[in-house]
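Data block below; observations after.
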Amino acid sequence: MTRPLQNRRILLVIGGGIAAYKALDLIRRLRERGAQVRPLLTKGAQEFVTPLAAAALAGERAHTDLFDRAEEADIGHIKLARDADAIVVAPATASLMARMATGDSSDLAATVLLATTLPILIAPAMNVRMWQHPATQRNLATLRGDGVHVVGPNDGAMAEAEFGPGRLAEPTEIADAVEAMLEQARPASGFGFLAGRDQTAEAASGPLAGPLASPLAGFLAGPLAGRRVLVTSGPTHEPIDPVRYLANRSSGRQGHAIAAAAAAAGATVTLVSGPVAIPDPPGVQVVAVETARAMLAAVEAALPADLAIFAAAVGDWRPAETRGSKIKKDGTAPAPLALVENPDILATIAGRPVGRPRLVVGFAAETDRVLDNARAKIARKGCDLIVANDVSPAGGVMGGTANTVHLVRRDGTVETWPTLDKDEVGRRLIRHFADLLDA
Ligand code: C5P
């Protein structure tokens with residue numbers, strides 16, 4: 001079997017951040033998969049890694065300066081912008097993202113990124129507060145809107161002893177995302193890659209030059225272009241009194257990753273989310289709710305949709321009554337907490353006689369007999385597909401960043417995927433659902 005990156009030419013733009021050292025490992029991972037890598041280092045990147053190290057690992061010269069006379073005669077910036085199958089920016093710093101989003105061309109990396117019509121993947125890495133800053137999130141949304149693909153950043157401990165999203169995605173995740181991007185750019189007609197020298201040269205020099213004027217634009221718009229997608233995510237909070245509530249450990253990571261992947265795939269996405277501590281996915285309309293009943297109302301208001309994915313961990317029960325003031329301890333035994341059942345949002349939407357989304361997907365978070373329970377659930381809920389996962393505490397799925405999922409179909413057949421980062425699970429699920437909608 002040929003490897004997906006076999007003979008693919010990748011221009012790797014290395015930005016100036018502490019994560020630049022990981023770009024060296026990325027060169028090795030891409031080459032292991034058969035790719036040819038041409039490194040381009042920004043001035044900042046050269047503070048962290050040397051062009052010599054990048055060139056040695058790539059087996060190609062590393063490019064650095066905009067006004068390098070020898071370079072302009074040999075391989076100019078326009079040629080660099082065309083002479084590859086894809087461009088990967090890793091680490092994509094806040095500054096590089098800002099330059100890309102505003103069309104700034106003040107150095108070689110920014111010029112190449114502005115002059116290109118190739119598919120671009122960015123792997124952002126920066127301080128968590130810089131990542132969460134509205135300016136960076138705006139730039140990210142702009143870049144996604146321009147058809148730029150994004151991998152990461154991941155959560156974790158940062159160099160500055162802070163914790164949160166901002167870490168560069170792992171080199172293997174970036175390599176997976178390059179494969180996925182090139183796979184997505186491959187036209188269904190089987191003509192091979194459009195992102196070749198000839199077509200891009202034509203587009204780059206024409207009057208409509210620029211990413212969206214590319215012959216790839218239709219493909220970069222994504223497999224869900226023109227579709228409406230609804231996603232639920234996170235836990236629900238069911239109030240007992242003004243200060244107490246019933247909840248669960250859902251972080252919202254998987255549902256949010258699915259919503260982000262759907263937006264990156266070109267869909268118009270509404271994400272109805274319970275209370276979570278993670279940022280809104282860019283390019284997605286987020287409706288924040290607390291209770292299951294509010295979630296159902298928001299979901300109904302967001303219809304119609306082509307695809308609905310119910311990833312929220314909805315509380316099955318809520319207190320039978322919510323007290324208007326804080327319940328006091330008065331030395332006697334506490335009053336028993338009476339519970340009533342919440343509406344089942346998934347079953348309600350899947351059972352709609354009119355206006356049912358064409359593809360309705362449920363989740364099954366189970367701690368035992370995962371597949372049997374998922375098979376029973378698909379029939380009970382009336383959905384088309386169940387994504388089942390084992391949430392036993394030992395697996396660390398609930399609240400964690402990795403997930404092992406099984407796709408359970410209505411006919412009872414099961415497809416089990418390897419353990420993957422939740423972002424990658426999101427991307428793969430979205431690709432799978434897009435194929436089902438197209439079928
Ligand atoms: O019944 P259970 O909670 O295991 O079912 C899980 C699936 O049903 C998930 O897709 C979840 O989002 C959905 N669900 C729902 N409303 C509920 C309970 C679960 O939409 N009240």
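When a ligand or atom number is given, it counts from 1 through the structure's own listing order. This one's a predicted model, so the numbers in the text were calculated from it and none came from an experiment.
- Using a cut-off of 4.0 Å between Lys/Arg side-chain N and Asp/Glu carboxylate O, Lys377 and Glu366 are scored as salt-bridged.
- Ion pair Asp372/Arg375 flagged as a salt bridge, since at least one NZ, NE, NH1 or NH2 atom sits closer than 4.0 Å to an Asp/Glu carboxylate oxygen.
- Although no hydrogens or angles enter the test, the distance criterion places no donor-acceptor pair under 3.5 Å between the side chain of Arg318 and the main chain of Glu238.
- Considering Val425, Val405, Ile309 in turn, Val405 is the only one that fulfils the side-chain contact (heavy atoms from CB on, under 4.5 Å) rule with Val387.
- Distances from ligand 1 to the non-hydrogen atoms of Met295 include no value under 4.0 Å.
- Among all protein heavy atoms, the one lying closest to atom 3 (O) of ligand 1 is Asp316 OD1, 3.8 Å.
- Residue Val314 has no nitrogen or oxygen atom sitting less than 3.5 Å from a nitrogen or oxygen atom of ligand 1, judged on distance alone.
- Protein heavy atom nearest atom 4 (O) of ligand 1, with residue, atom name and distance: Lys377 NZ, 2.3 Å.
- Among protein heavy atoms, the minimum distance from atom 9 (C) of ligand 1 is reached at Phe363 O, 3.1 Å.
- The closest donor-acceptor contact from the side chain of Gln132 to the backbone of Arg129 lies at 3.5 Å or more, if one exists at all.
- Assignment of Pro343 to the shell around ligand 1 is supported, since a heavy atom sits closer than 4.0 Å.
- A donor-acceptor pair under 3.5 Å links the side-chain atoms of Arg244 to the main chain of Ile327, judged by distance alone.
- Checking each of Leu296, Ile345, Asn248, Leu346 against Val314 for a side-chain contact (heavy atoms from CB on, under 4.5 Å) leaves exactly one that passes, namely Ile345.
- Atom 13 (C) of ligand 1 has as its closest protein heavy atom Leu346 CB, 3.7 Å.
- What you find for Cys383 and Arg356 is that their closest heavy atoms are CA-NH2, 3.9 Å.
- Of the protein's heavy atoms, Lys381 NZ, 3.0 Å lies nearest to atom 5 (O) of ligand 1.
- Summarising the geometry, atom OG1 belonging to Thr93 is positioned 7.5 Å from atom CE belonging to Met130; distances are rounded to the nearest 0.5 Å.
- At under 3.5 Å, not a single nitrogen or oxygen of Thr232, backbone or side chain, sits near a nitrogen or oxygen of ligand 1.
- Relative to atom 11 (C) of ligand 1, the option among Ala312, Ala350, Ser233 with the closest non-hydrogen atom is Ala312.
- Considering backbone and side-chain N/O atoms, Glu366 never comes within less than 3.5 Å of an N/O atom of ligand 1.
- Each of Arg427, Glu170, Arg33 was scored for a side-chain contact (heavy atoms from CB on, under 4.5 Å) with Asp176, with one residue passing: Arg33.
- Atom 16 (N) of ligand 1 has Ile345 N, 3.0 Å as its closest protein atom, hydrogens excluded (heavy atom only).
- The shortest N or O to N or O distance between Phe310 and ligand 1 is below 3.5 Å.
- Of all atoms in ligand 1, numbered sequentially from 1 with element shown, those under 4.0 Å from a heavy atom of Gly362 are 10 (O).
- Not a single N or O atom of Val361, backbone or side chain, sits closer than 3.5 Å to an N or O atom of ligand 1.
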